[in-house]
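Starting from 1, each residue takes its place in the sequence as its number.
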Amino acid sequence: MATLSVSFPHLISCHQNQPNLSTFLPYHFSEKIPFLSLYSLSRNCMAVSFLAGEVSDLCLGKPSLRSLPATATVAAAVSALKKSGEVYVTVWGCEHGSPRSGAVHGGACVCVGKVCMVDVICFLAKEENAARPSDALRSPVSELLPKAHGLVRHLEPHSSDLLMFFCASNCHSLLEAIDYILEGAQNLVIPIQSYTSTNSRKKLLKKPTSFGPTLHNGREFCWLTQEDVVRFLLNGISIFSPIPMLTVESLDIIDTDIMTVHYNAPASSMLASISRSHMEQTSIAVVDEDNRLIGEISPFTLACCDETVAAAIQTLSAGDLMAYIDCGGPPEDLVQLVKTRLQEKNLNGMLELVEELSLSSLSSASSSCSSDEEFGLGRRGGSGRYSPARRSEAIVCYPRSSLMAVMIQALAHRVNSVWVVEEDYSLIGNVTFTGMLKIFRSFAGCRTEGDNSFKQ
């Protein structure tokens with residue numbers, strides 16, 4: 001298991017000479033804000049001003065989204081994922097790429113969701129689909145979209161009606177983006193480019209493919225993720241001092257409501273947990289009899305795999321599944337074990353799918369994987385081979401680890417959560433990007449839960 005110990009004594013700043021640490025905490029942590037020193041008040045105002053920056057600052061260099069229409073099939077989504085080399089493909093309520101196409105989702109041309117290989121794997125691994133995967137692949141891609149609302153939100157780069165407690169500004173969209181994430185949004189869709197040339201727009205619209213850039217009303221779109229926001233906050237981490245140097249335990253951001261599975265448990269028993277971890281952007285801890293962390297089943301790793309993982313979930317244990325999805329592709333002995341057990345279960349359709357993809361992998365040279373804008377993960381290329389970019393080992397920290405050290409760990413390993421363990425690797429919980437963002441959000445004023453007003 002990978003660990004990272006980071007010390008930043010040079011960033012503690014002059015706050016270490018102050019006797020009362022609580023006077024430097026934001027209002028959320030301290031009721032003493034009327035008695036703050038001018039220095040502390042200035043530091044808080046700097047933090048608020050930073051959070052009030054335009055969300056468009058985070059869009060610089062972001063690639064435009066690729067899209068599928070909501071009328072596409074699951075097989076089309078799989079093909080698009082493999083051809084693009086991206087982890088996700090967006091699903092839109094209109095046909096992009098055809099000048100005659102119109103909105104098909106409630107009359108609005110909006111992003112209605114996103115799909116990745118995790119969605120496909122969980123869909124094919126269901127009992128009703130495992131027997132006839134070919135029929136399942138012909139299902140509409142909308143079958144893969146989660147029923148929960150608000151996972152993908154549209155956000156204009158210059159629009160916000162938020163008020164600030166300390167500093168006034170007309171553009172508080174970064175703060176608005178954080179609020180959307182804390183409300184459950186995983187991705188924020190933001191326009192990044194305007195096309196003023198009618199000829200250029202017509203040229204783009206004439207592309208016959210149904211998988212291409214998302215162009216609507218002369219604009220292309222990118223999206224922002226939790227990782228993007230946390231990385232941006234890390235760039236200005238010093239203005240939030242001394243909070244980043246406090247331990248995750250003292251900040252009370254260790255989440256103990258986590259999903260675990262025993263190493264020898266059937267992988268099929270955690271299918272619902274895989275779907276939940278994908279929704280919540282966390283992972284499933286694989287533990288031994290003493291609740292010691294062995295590894296993890298991560299949706300970020302599954303997103304770099306292919307459809308055969310659905311067969312592995314149906315036939316292997318949790319421990320064997322970790323080895324199956326590890327970087328470089330599954331060991332040959334596990335592949336043979338999967339095939340044997342598929343035959344024993346009379347899952348001939350799934351067996352044919354595994355054989356077909358295995359032949360495809362052997363006949364194609366492995367290709368390098370492009371990086372993903374959300375997880376920074378490489379994918380397998382069109383050959384179906386697995387990415388060398390992700391392993392199933394768990395990234396861990398300790399209760400005494402500082403918030404900044406855990407942020408750096410998560411960003412360095414491109415994961416959305418870090419496991420918290422004792423010295424003997426007994427599992428305590430995890431720290432997520434969402435938990436981190438709650439801490440930074442507290443600097444922006446005094447909003448109470450469920451209330452848009454501010455304390456006076």
Minimum side-chain heavy-atom gap Trp419-Ile258 below 4.5 Å: yes

Stepwise salt bridge (Lys or Arg N to Asp or Glu O under 4.0 Å) check, Glu423 with Arg400: CA-CA 11 Å; Glu423 292 291 344; Arg400 64 182 181 278; 2.6 Å; yes

Minimum heavy-atom distance Pro133-Leu124, with the two atoms named: O-CD2, 4.1 Å

Lys82 bridged to Glu307 by N-O distance under 4.0 Å: yes

CD/Glu127: more than 12 non-hydrogen atoms of other groups inside 6.0 Å: no

Test item: Thr90 side-chain N/O and Arg66 main-chain N/O as donor-acceptor pair under 3.5 Å: yes

Candidates Val261, Val286, Ile313 - the one meeting side chain to side chain contact (heavy atoms under 4.5 Å, CB included) with Leu321: Ile313

Closest heavy-atom pair and its distance - Ala77, Val141: CB-CG2, 3.8 Å

Sidechain-backbone polar pair: Ser250 side chain, Leu246 backbone, donor-acceptor under 3.5 Å: no

Lys438 side, atom NZ; Leu182 side, atom CG - distance, nearest 0.5 Å: 7.0 Å

Backbone N/O of Cys397 and side chain of Ser401: donor-acceptor pair under 3.5 Å: no

Arg292 bridged to Asp424 by N-O distance under 4.0 Å: no

Sidechain-backbone polar pair: Thr340 side chain, Gln336 backbone, donor-acceptor under 3.5 Å: yes

Distance, nearest 0.5 Å, that separates CD1 of Ile297 from OG of Ser283: 9.0 Å

Within-4.5 Å side-chain heavy-atom neighbours: Val120 and Val115: no

Carboxylate-amine/guanidinium contact Arg231 Asp228, below 4.0 Å: no

Pair Trp92 + His154: ring centers closer than 6.0 Å: yes

Carboxylate-amine/guanidinium proximity below 4.0 Å for Glu227 and Arg414: yes

Pairwise distance CZ(Arg276) to CD1(Ile284) - rounded to 0.5 angstrom: 9.0 Å

Modelled atom types, side-chain donor and acceptor of Tyr398 and Thr247, under 3.5 Å: no

His278 versus Asp119, side-chain donor and acceptor atoms under 3.5 Å: yes

Side chain to side chain, Val431 and Asp255, heavy atoms closer than 4.5 Å: no

Side chain proximity check, Ser426 to Asn291, heavy atoms < 4.5 angstrom: no

Spacing of Ile190 atom CD1 and Arg153 atom CZ [to the nearest 0.5 Å]: 12.5 Å

Lys339 side-chain N/O to Glu355 backbone N/O, donor-acceptor pair under 3.5 Å: no

His413 (side chain) donor-acceptor with Val415 (main chain) under 3.5 angstrom: no

Polar contact flag, side-chain donor to acceptor under 3.5 angstrom, Gln226-Gln186: no

NZ/NE/NH1/NH2 to OD/OE distance under 4.0 Å, Lys62 and Glu220: no

Polar side-chain atom of Gln314 near backbone of Ala125 as donor-acceptor pair, under 3.5 Å: yes

Nearest non-hydrogen partners of Pro399 and Ile428, listed with the distance: CG-CD1, 3.5 Å

Over all atoms of both residues, closest heavy-atom pair of Leu293 and Ala285: CD1-CB, 3.6 Å

Shortest non-hydrogen contact between Leu302 and Met117, atoms and distance: O-CB, 4.2 Å

Spacing of CE belonging to Met322 relative to OG belonging to Ser298, to within rounding of 0.5 Å: 12.0 Å

Evaluation steps, side-chain contact (heavy atoms from CB on, under 4.5 Å), between Leu65 and Val189: CA-CA 9 Å; Leu65 294 177; Val189 180; 4.3 Å; yes

side-chain contact (heavy atoms from CB on, under 4.5 Å) between Leu437 and Val229, worked out: CA-CA 8 Å; Leu437 290 176; Val229 176; 3.8 Å; yes

Residue pair Gln281 / Pro299, side-chain heavy-atom distance below 4.5 Å: no

Expected output: side-chain Ser84 to main-chain Ala80 donor-acceptor under 3.5 Å: yes

Flag side-chain contact, heavy atom, 4.5 Å: Leu137 against Thr73: no

Which atom of Leu342 lies closest to which atom of Ala311, heavy atoms considered: CD1-CB, 3.9 Å

Min side-chain heavy-atom separation Leu334-Tyr324 under 4.5 Å: yes

Euclidean distance, Cys122 SG relative to Met279 CE, rounded to 0.5 Å: 11.5 Å

Within-4.5 Å side-chain heavy-atom neighbours: Tyr180 and Leu175: no

Candidate pair Phe300 and Asn416, rule side-chain contact (heavy atoms from CB on, under 4.5 Å), full reasoning: CA-CA 9 Å; Phe300 315 126; Asn416 281 26; 3.6 Å; yes

Leu145 and its side chain to side chain contact (heavy atoms under 4.5 Å, CB included) partner, picked from Val112, Val152, Leu151: Val112

Working for side-chain contact (heavy atoms from CB on, under 4.5 Å), residues Glu86 and Leu81: CA-CA 6 Å; Glu86 297 176 357; Leu81 286 167; 5.7 Å; no

Whether Asn430 side chain and Val418 backbone form a donor-acceptor pair below 3.5 Å: no

